[in-house]
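What follows is a set of notes on a single structure, which appears directly below.
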Amino acid sequence: MRIYDTLSRKIVDFVPRKEGAISIYACGPTVYDHPHLGHARQAMTYDIARRFFEWAGYDVLHVANITDIDDNIINRATREGLTEPEVAEKWEAIYMDAMAALDILAPHQQPHATEYVQEMIDFIQVLVDNGAAYVTDAGVYLRVRSIEDYGALIHRTHDELAEGAGARVEVDPNKEDPLDFALWKAAKPGEPTWPSPWGDGRPGWHIECAAMSLGILGDGFDLHGGGTDLVFPHHTNERAEAIAAGRTFSRYWMHNAMLNIDGEKMSKSLNNFATIQDVLDEHPLNARALRLMLLQTHYRKILEINAEVIAHARSGIERLDAMIRKAEAAKVDYASAELDSDAVAEFRTQMEDDFGTPEAMAIAFELVRRANGAIDSGDDSAASLVATAIDLTGALGLRIGETQPTSDDDVRIDELVAARTEAKANKDFAEADRIRDELAGQGITIEDTPTGPIWRR
RNA sequence: GCGUCGGUGCCCGAGCGGCCCAAGGGAACGGCCUGCAAAGCCGUAAAGUCGCGGGUUCAAAUCCCGCCCGGCGCUCCA
């Protein structure tokens, strides 16, 4: 396995800390608003990595935090007259629903920041004790310049970073140096607080992930991920905290790229902001279409997204599903078929090269084309090809060939389809087309196959 | 401004020194199939400037230099 490591800026061999087991920490959401497509890309990137590793036989431990206390949550609670936990619980539930709808596996552990405050305090205490951090009236800060390669993740020196620091935000006068950042924020009126050796207050943002990742996964865990926008300051600061505490932090860093809508960055101010729910509501196929799109673009490339592109991806999903319908109509016994070892090997090779999901999907679509041909010609290889296509797309979290949901309507539709078949047999094509149009008006599509008609919603 | 990543067909996007007269998906067109469709299969399209201009090399979409354009980071952010 080879992965592009943000720290070394190279594609490097990925060697897990423990053979056969992989530990992943991916930064999760701050729950205070609707999750948007960017969250979907982030979560799906690590969902795909985790699924592939599991498919490849690794024992994976995937951890993603839930930030349930921060400025945004406090602001929203104040604005809406709610408590911070009420805001966090509400938006966490919405986030979880969106993830489930996108068929993203829940990380094995999803710790909440507020449940980890004591561990964070213990962590900060180590930093205060060893002189890496200092206490002021406003809180506890980390002495950034005490860390030699602080800017390593973004490949910048202290001085280069200092040029930017304070250029746009006012420098906190309590800090010894503009680069320093808060580990612990002293209590302000009206804010939720926790007791600490440095007075009541709440933890800074970065300490949360440092404490939880090391606490759950242990020193030198394998992979730390997130969006590229987190490289600085978030990941840089987490890493600084770990180093200052004498801990070995994650051994590989991966970062997924952002996405653009209609050629521009997605943002609230540009009003081109798409929530996950908006996209899911638009079409029942969109959850899988979104995954297909993400798979067909490498995770480190900016992804262009708009309504048209999602619609195109839906066509791709339909092509995948159509193969399964054909296979079932032709009674191809793919459930117990052996996989095509060449395709599996090629798939694995591509995925092991920094998650080559676009190439992996190309392999899957090749299988689909060959399978369709084999089904049409009654070739024995059909079962294996179909089975392989299902297995490989499944390894990426893309379900195809799911039986469509049944409803009370099914019997009535079956009868209409049968009536059409009879009309066709009697050469009464006017009646056959009338039935087909009637069903089409209800969103039902009939497909004729050599082995009889099948229908779908 | 500084840093960084990128600009490939009608669209989305792989490829990153020879296997590329450029994967895969979508759209289009033609053929087969069909009662007609849909789905499927087969095939086609000057991708002739792989952003533009230089250069290196026997060989460049792939490396180097300059320029133009865009994303992201420098500020809460996936």
Side-chain angles (χ1 to χ4, degrees), chain A residues 6 9 26-30 32-33 35-46 70-72 75 151 153-156 160-170 205 225-234 236 255-260 263-268 292-293 295-298 300-306 308-323 325-326 329 350 356-366 368-377 423-424 427-430 432-433 436-437 440 445-450 453-456:
Chain A
T6 309
R9 276 195 189 149
C27 287
T30 300
Y32 71 100
D33 203 354
H36 59 250
L37 259 19
H39 292 105
R41 182 173 205 187
Q42 197 274 137
M44 221 178 256
T45 297
Y46 302 101
D70 92 318
D71 290 343
N72 289 310
N75 291 341
L153 261 185
I154 38 163
H155 299 262
R156 312 213 65 183
E160 284 168 341
L161 285 164
E163 279 178 40
R168 295 207 223 172
V169 275
E170 222 174 300
W205 177 32
T228 56
D229 55 346
L230 293 183
V231 174
F232 187 91
H234 186 49
T236 292
H255 294 275
N256 57 283
M258 305 289 99
L259 46 82
N260 287 175
E264 290 180 301
K265 73 174 279 194
M266 184 177 76
S267 75
K268 286 177 177 168
L292 213 213
M293 289 182 55
L295 287 169
Q296 289 189 308
T297 305
H298 188 83
R300 285 192 283 112
K301 284 267 285 224
I302 292 165
L303 169 66
E304 181 61 40
I305 197 164
N306 55 54
E308 184 191 7
V309 160
I310 294 173
H312 289 170
R314 282 201 299 273
S315 300
I317 293 294
E318 282 174 352
R319 176 169 167 77
L320 260 17
D321 286 347
M323 175 193 70
R325 285 196 302 274
K326 269 172 75 93
Q350 294 296 349
T357 56
E359 293 89 346
M361 280 312 301
I363 292 164
F365 275 107
E366 288 280 1
V368 169
R369 184 177 53 72
R370 289 167 59 201
N372 279 325
I375 295 167
D376 282 346
S377 62
K424 280 175 63 178
K427 306 269 186 225
D428 184 358
F429 298 123
D433 288 351
R436 185 168 64 193
D437 290 346
T445 306
I446 296 182
E447 293 175 5
D448 288 326
T449 77
I454 51 182
W455 62 269
R456 67 189 164 93

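Please read all numbers here as calculations on a predicted model, not as lab measurements. In what follows, chains carry the letters A, B, and so on, assigned in the order in which the sequence lines appear, proteins first and then strands, with residues in each chain numbered from 1.
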By a 5.5 angstrom centroid cut-off and a 30 degree plane limit, is there stacking between A:Phe429 and B:rG35? yes

Could you tell me how far [M] sits from [N] if I compare only their [atom1] atoms? Round to whole Å.
N: B:rG17; M: B:rC32; atom1: C1'; result: 42 Å
N: B:rU62; M: B:rG48; atom1: P; result: 16 Å
N: B:rA45; M: B:rC36; atom1: P; result: 28 Å
N: B:rA22; M: B:rG13; atom1: C1'; result: 12 Å
N: B:rC72; M: B:rC10; atom1: C1'; result: 28 Å
N: B:rG24; M: B:rC58; atom1: P; result: 34 Å
N: B:rU34; M: B:rG70; atom1: C1'; result: 48 Å
N: B:rC64; M: B:rG7; atom1: P; result: 14 Å

Can you identify which nucleotide, out of [options], has its nearest atom closest to the [X] side chain?
X: A:Ser315; options: B:rG73, B:rG40, B:rG26; answer: B:rG26
X: A:Asp376; options: B:rG35, B:rC41, B:rC74; answer: B:rC41
X: A:Glu366; options: B:rA23, B:rA78, B:rG40; answer: B:rA23
X: A:Asn372; options: B:rC36, B:rA78, B:rG40; answer: B:rG40
X: A:Lys326; options: B:rC36, B:rG71, B:rG40; answer: B:rG40
X: A:Thr297; options: B:rC41, B:rG73, B:rA14; answer: B:rA14
X: A:Thr30; options: B:rC72, B:rA78, B:rG25; answer: B:rA78
X: A:Lys301; options: B:rC76, B:rA14, B:rC41; answer: B:rA14

Which whole-number value in Å describes the distance from [X] [atom1] to [N] [atom2]?
X: A:Leu161; N: B:rG3; atom1: CG; atom2: C1'; value: 10 Å
X: A:Lys427; N: B:rC36; atom1: NZ; atom2: P; value: 10 Å
X: A:Met323; N: B:rG25; atom1: CE; atom2: P; value: 13 Å
X: A:Arg319; N: B:rG40; atom1: CZ; atom2: C1'; value: 8 Å
X: A:His39; N: B:rC76; atom1: NE2; atom2: P; value: 16 Å
X: A:Ile302; N: B:rU8; atom1: CD1; atom2: P; value: 12 Å
X: A:Met258; N: B:rC72; atom1: CE; atom2: P; value: 9 Å
X: A:Glu160; N: B:rG3; atom1: CD; atom2: C1'; value: 8 Å

Any side-chain N or O of [X] less than 4.0 Å from the OP1 or OP2 oxygen of [N]?
X: A:Arg369; N: B:rC42; result: yes
X: A:His312; N: B:rG26; result: no
X: A:Arg370; N: B:rG24; result: no
X: A:Arg300; N: B:rC5; result: no

On a heavy-atom basis, which atom in [X] and which in [Y] lie closest, and how many Å separate them?
X: A:Asp448; Y: A:Pro453; answer: OD1-CB, 3.5 Å
X: A:His39; Y: A:Pro29; answer: CD2-CB, 4.4 Å
X: A:Ala423; Y: A:Ala432; answer: CB-N, 3.9 Å
X: A:Arg156; Y: A:Glu160; answer: CA-OE1, 3.2 Å
X: A:Val231; Y: A:Thr236; answer: O-OG1, 2.7 Å
X: A:Gln296; Y: A:Phe365; answer: NE2-CE1, 3.7 Å

Any donor-acceptor N/O pair, A:Arg41 side chain to A:Asn256 backbone, under 3.5 Å: no

Between A:Tyr46 and A:Gly226, is there a donor-acceptor pair closer than 3.5 Å when you use the side chain of the first and the backbone of the second? yes

Less than 3.5 Å between a donor and an acceptor, one on the side chain of [X] and one on the base of [N], is that the case here?
X: A:Asn260; N: B:rG70; answer: no
X: A:Arg436; N: B:rC36; answer: yes
X: A:His36; N: B:rA78; answer: yes
X: A:Asp433; N: B:rA37; answer: no

Classify [X] by what it touches in the nucleic acid, base, sugar-phosphate, or nothing, heavy-atom distance under 4.0 Å.
X: A:His298; result: sugar-phosphate
X: A:Asn72; result: sugar-phosphate
X: A:Val231; result: nothing
X: A:Glu447; result: base
X: A:Arg156; result: base

Just do the salt bridge (charged side-chain N to carboxylate O under 4.0 Å, His left out) check on A:Asp376 and A:Lys326 with the steps written out, would you? CA-CA 9 Å; A:Asp376 282 346; A:Lys326 269 172 75 93; 2.5 Å; yes

Pairs counted only when both distances fall under 3.5 Å, Watson-Crick or G-U: show me the 5' to 3' dot-bracket for RNA chain B, [ ] for pseudoknotted crossings and | for other-strand partners. ((((((((.[[[..)..(.....]]].(((((.......)))))......[[[[[..)....]]]]])))))))....

Are A:Asp321 and A:Arg456 within salt-bridge range, i.e. N to O under 4.0 Å? no

Of A:Thr445 and A:Leu303, whose nearest nucleotide on RNA chain B comes first from the 5' end? A:Leu303

Return the 5'-most residue of the pair A:Gly373, A:Glu359 with respect to RNA chain B, ranking by each residue's nearest nucleotide. A:Glu359

Take A:Ile305 and A:Leu37 through the test side-chain contact (heavy atoms from CB on, under 4.5 Å) and record every step on the way to the result. CA-CA 9 Å; A:Ile305 197 164; A:Leu37 259 19; 3.9 Å; yes

